[in-house]
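In the text below, chain A, chain B and the rest are named by the order of the sequence lines, each starting its count at 1. Source: prediction; values computed, not measured. Quick note: numbers below take in every heavy atom, side chains included, and nothing from hydrogens, waters or symmetry partners.
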Amino acid sequence: MTLTMYALVDCNNFYVSCERVFAPQWQGRPVVVLSNNDGCLISRSDEAKVLGFKMGEPYHQVRPLLELSQVKVFSSNYALYGDMSRRVVQVLSEFAAGVEVYSIDEAFLDFRGMNWLAPDLQRYGEQLRERVWRATGIPTCVGIAPTKTLAKLANRLARKQLNPVKMLNSKAECQAALAQTLVGDVWGIGRRYARKLREQGIMTAADLAAQPESWVRRYLGGVVGGRLWRELHGQPCLEWNPSEHEDDDEHLTPGIGRHSVTHTRSFGCPQQELAALSEAVATFAARTAEKLRRHGLAAHLVTVLLGTDRYAPGIEPATRTAVVHLPIATHDTPLLTQAALRGLRQLHRPGVAYHRAGVLLSGLETAGQGQLDLFTSLAPLPPARLQLMTVLDRLNNQFGRHTVRLAAAAGPNPGWAGRRAYQSPAYTTDWENLWQLK
DNA sequence: TCTGGGGTCCTAGGACCC
DNA sequence: TCTGGGGTCCTAGGACCC
């Protein structure tokens, strides 16, 4: 029998699990990982969850409690997590014809057209999970079902049961799974929609699926609602976007069709001076430019954003943006930095304390294939400049992110840099660290 | 003192064009 | 009383995801 099936493999408490691979003394003990700038909790071990620590809680609020409960705290270390993620995907790709990397800790596998019996597929899921665990030290849960949305749902259920692999193979199994799932836990239904649905008496995914499709479309944003309804009924209608292997060390949404690249950061302490803000923005512009080159893209639009304290009451919007149009799409660090600094000068108001800044590149096209500017007959970049960027990326890749940078960017540990007081060493990627290990 | 960051898709409305 | 209609591009805003 041919089964039309997708699997969703999700790494358990991924950032915590990554830290534990290199600090095994924390297995079985409470651990949390903080967001950038040590702002809030973004990953918790099961033990920390039991203690009552919540996702997204501000660190400064729960810090005394964490210390009291002897919870181990890590600052986030995306270089490490990105590398571990790549290892997991590498293993997964041995088990399916297609892999779609959905986020840093999740991937869909394409099991369509597999000429197998259901019990074999269940065992196959268990094998691949075992193999990921042995090869990387990362624990996972696996959901297998006829649509991506149902695979997500099965994955959620797998987390709660003894066997971490859950397969939905019949109408009855799907129906039972829908009945066990609260409507707010369905993929694609966030807090707003969940509340709206509960007000209508829709409590579970089964309640939602039992409504007519037209009703669901009316309440859940039109076409999106329609797709969701059909996916819950076992009709696949989300696209399959197989991923190429990517070299990225951050959160990423892989695939060819990306529309923007951004880098924004909160400051360690508020900044007023144009000089310090320029350093920050130049540094962020360089980071976006690197990402652009890594993806083989060039950008037409540079958006700079400057943010004040989001949590302070006030009438003024907390974030303002300035858009700079480039006549020719580019991925050249100096050109993008110049544009970003121009945007910054437009935005900057003397005497205002800024808490965060960012650079967003959009209007993307494949590098080197852009239209030549007919009036100036300029190619996007002179060859020497291209070569310089290639060398720059290679050096920074090999010896660490800030080895070579423009003079406009900052020196080490500037005042605007975020806090990361509890970061683990870059076990897998840092050149100096590898050197010490020898 | 201290509250993350990077993405996606969809819709509505205005400007502009023929 | 009539004061077109359809297509496209852009932006802003709302919803969602991890």
Closest to side chain of A/Arg356, choosing from C/dC16, B/dG5, C/dC18: B/dG5
A/Phe53 CZ to B/dT3 P: how many Å, rounded? 19 Å
Whether the A/Asn163 and A/Glu126 side chains hold a donor-acceptor pair (N or O, under 3.5 Å, no angle test) is what I'd like checked. yes
Would you indicate what A/Tyr59 reaches in the nucleic acid, counting non-hydrogen atoms under 4.0 angstrom: base, sugar-phosphate, or nothing? nothing
Side chain of A/His60: nearest nucleotide among B/dG6, B/dG4, B/dT3? B/dT3
Could you tell me the separation between the CG atom of A/Leu364 and the C1' atom of B/dT8, rounded to a whole number of Å? 14 Å
Which residue pairs pass the side chain to side chain donor-acceptor pair (under 3.5 Å) test when at least one of the two sits in residues 35-51 of chain A, sequence neighbours left out? A/Asn13-A/Asp46, A/Asn13-A/Lys49, A/Arg20-A/Glu47, A/Asp38-A/Ser75, A/Ser45-A/Glu47
Want to know the stems of DNA chain C: at least 3 consecutive Watson-Crick or G-U pairs with distances under 3.5 Å, which are they? B:5-18 with C:5-18
What pairs of residues pass the side chain to side chain donor-acceptor pair (under 3.5 Å) test when at least one of them lies in residues 267-278 of chain A, not counting sequence neighbours? none
All salt bridge (Lys or Arg N to Asp or Glu O under 4.0 Å) counterparts of A/Arg134, not counting sequence neighbours: A/Glu130
5'-most contact on DNA chain B (nearest-nucleotide basis), A/Ser260 vs A/Asn37, goes to A/Asn37
Value in whole Å for how far the C1' atom of C/dC16 lies from CG of A/Leu228: 11 Å
Selection from B/dG4, B/dG7, C/dC18 that lies nearest to any side-chain heavy atom of A/Asn36: B/dG4
Once you round to the nearest 0.5 Å, how far does OG1 of A/Thr149 lie from CD of A/Gln235? 11.5 Å
May I ask you to say what A/Val323 touches in the nucleic acid, namely base, sugar-phosphate or nothing, with a heavy-atom cut-off under 4.0 Å? nothing
Which nucleotide wins on minimum distance to the side chain of A/Lys291, given the candidates B/dG6, C/dA15, B/dG4? B/dG6
Can you check whether A/Ser103 has a side-chain N or O nearer than 4.0 Å to OP1 or OP2 of B/dG7? no
Please give the distance between the C1' atoms of B/dC16 and C/dG4 as a whole number of Å. 15 Å
Starting at CZ of A/Arg63 and ending at P of B/dT3, how long is that distance when rounded to a whole Å? 13 Å
Could you work out, with salt bridge (Lys or Arg N to Asp or Glu O under 4.0 Å) as the rule, every residue matching A/Arg131, not counting sequence neighbours? A/Glu94
List, one per line, each side-chain donor-acceptor pair under 3.5 Å for residues 351-362 of chain A, sequence neighbours excluded.
from, atom 1, to, atom 2, distance (Å)
A/Tyr354, OH, A/Arg349, N, 3.0
A/Arg356, NH1, A/Thr319, OG1, 3.4

Which part of the nucleic acid, if any, lies within reach of A/Glu57 when heavy atoms closer than 4.0 Å are counted: base, sugar-phosphate only, or nothing? nothing
Are there any protein N/O atoms within less than 3.5 Å of an N/O atom in nucleotides 10-13 of chain B, and if so, which ones and at what distance?
from, atom 1, to, atom 2, distance (Å)
B/dC10, OP1, A/Arg227, NH1, 3.3
B/dC10, OP1, A/Arg227, NH2, 2.9

Regarding the side chain of A/Ser266, the nearest nucleotide among B/dG7, B/dG5, C/dC16 is B/dG5
Just how far, in rounded Å, is C1' of C/dC17 from CZ of A/Arg192? 15 Å
Would you indicate what A/Ile189 reaches in the nucleic acid, counting non-hydrogen atoms under 4.0 angstrom: base, sugar-phosphate, or nothing? sugar-phosphate
Which residues pass the salt bridge (Lys or Arg N to Asp or Glu O under 4.0 Å) test with A/Glu100, sequence neighbours left out? A/Lys148
Please name all residues satisfying side-chain contact (heavy atoms from CB on, under 4.5 Å) with A/Arg195, sequence neighbours left out, ordered by chain then number. A/Arg198, A/Glu199
Would you list the pairs meeting salt bridge (Lys or Arg N to Asp or Glu O under 4.0 Å) in which at least one residue belongs to residues 207-219 of chain A, sequence neighbours left out? A/Glu213-A/Arg217, A/Glu213-A/Arg230
Can a side chain N or O of A/Ser35 be found less than 4.0 Å away from OP1 or OP2 on B/dG5? no
With a 4.0 Å heavy-atom cut-off, tell me which residues in residues 142-153 of chain A come close to DNA chain B, sorted by residue number. none
Please list, chain by chain and in numerical order, all residues satisfying salt bridge (Lys or Arg N to Asp or Glu O under 4.0 Å) with A/Lys152, sequence neighbours excluded. A/Glu106
Sugar-phosphate only, base, or nothing, as touched by A/Asp38 at under 4.0 Å among non-hydrogen atoms: nothing
